[in-house]
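This report concerns only the one structure given below.
In what follows, chains carry the letters A, B, and so on, assigned in the order in which the sequence lines appear, proteins first and then strands, with residues in each chain numbered from 1.
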Amino acid sequence: MPELPEVETFVRALRPALLGRTIQGVRNDWPAQLAKPDPDEFERRIQLRTVESLERRGKYLVFKLDENETLIIHLKMSGHLSIENVSKSVDKHVHTSFLLNGKEELRFRDIRKFGRVYLVNNPDEVLGDLGPEPLSDEFSDQWLIENLLGRKRILKPLLLDQNFIAGIGNIYADEALFQAKLKPDRRSNSLSNSEIQGLRQGIQKVLSLGIKEEGASIDTIYRKPDGSMGFMQDSFAVYGRTDMGCLRCSGKIKKIILGGRGTHFCDQCQL
DNA sequence: AGCTACTCCTGGTAGC
DNA sequence: TGCTACCAGGAGTAGC
């Protein structure tokens, strides 16, 4: 479940290998993965485009190409990107490959097939509604105070709303709320200013740690491009720790469903 | 405005 | 062993 830190890890690993490379073509055996435009046009427009930059926006990888084209990839639940020699056998879960100069290709492996690829002239077609980056200056205490108190949303689903903040997923939402000592079902307009400051700090703390640890690898779901594991899972305080002891107090970690998602918290020290 | 339910997918696993 | 049923979840959408 690549979230902001996992996507950032992909971007940092792939960037040096992709900058300046030319995409000679695309191979796809599952058209639904090419979300926009239709596969024929996608194939035609991406031919011979050069990668000028690779950045992350929320959970999206954003490849700026020449000729005013932008390639955008969302890994969703189980997506994985790697650069392989064309002679290496192709895993059955690879449905889209970008052929590069130099006998290599960027392979998009995606077991659950939720991931999507876009090719657009205007990135705002895909990214336009995203909220601020949680590790940017824009995401300040003042911004959060205004935007939490101005709504009456339940905190956990609100943190998962990409149009509110971009990049937080189920794991980091639970971990951030634990750090902030806030119950996931609190209403956004019920927080004090100091609780909001704690939430901002909690979000930034867990995301920064996630990047430092190069993401969280659970089961076989997330791996770095080279197939190795990140280490963030070793720092989880609540996610996946149902019925285990709280690391901060004598409480026990509970799991409930909020907004349709598994939600982990300590009901003793998260208030 | 904000919530729930449903949809898309597959691999892993619990239960029999 | 082998089968079935169910679960995980990001995000869009329909409906209340």
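A:Gly262 comes within 4.0 angstrom of sugar-phosphate atoms only, judged by non-hydrogen atoms across all strands, and of no base. Among the protein residues, A:Tyr172 comes within range of no part of the nucleic acid, since none of its heavy atoms lies under 4.0 Å from any strand. Contact annotation for A:Arg153: backbone-only contact, meaning every heavy-atom pair under 4.0 Å involves sugar-phosphate atoms and none involves a base. Using a 4.0 Å heavy-atom distance criterion, A:Lys255 is classed as a sugar-phosphate-only contact.
One cannot find a donor-acceptor pair under 3.5 Å joining the base of B:dA1 and the side-chain atoms of A:Arg151.
Looking only at distances, no side-chain donor or acceptor of A:Glu69 sits under 3.5 Å from a matching main-chain atom of A:Leu119. Looking only at distances, no side-chain donor or acceptor of A:Arg15 sits under 3.5 Å from a matching main-chain atom of A:Leu19.
Between A:His93 and B:dT10 there is no side-chain N or O to OP1 or OP2 distance below 4.0 Å. Regarding contacts with the backbone of B:dC3, a side-chain N or O of A:Arg187 is found under 4.0 angstrom from either OP1 or OP2.
Sorted by residue number, the list of members of residues 115-130 of chain A with any non-hydrogen atom under 4.0 Å from DNA chain B is empty.
One finds a salt bridge joining A:Glu105 and A:Arg27 here, because a Lys/Arg side-chain nitrogen approaches an Asp/Glu carboxylate oxygen to under 4.0 Å.
Residues A:Arg261 and A:Ser188 each lie close to DNA chain B; by heavy-atom proximity, the contact nearer the 5' end of the strand is made by A:Ser188.
Where stacking is scored as ring centres under 5.5 Å apart with planes under 30°, A:Phe114 does not register as stacked on the base of C:dA11.
Between A:Glu52 and A:Leu65, the shortest heavy-atom contact is OE1-O, 3.7 Å.
With sequence neighbours left out, the side-chain hydrogen bond (donor to acceptor under 3.5 Å, both in side chains) criterion links A:Lys255 to no other residue.
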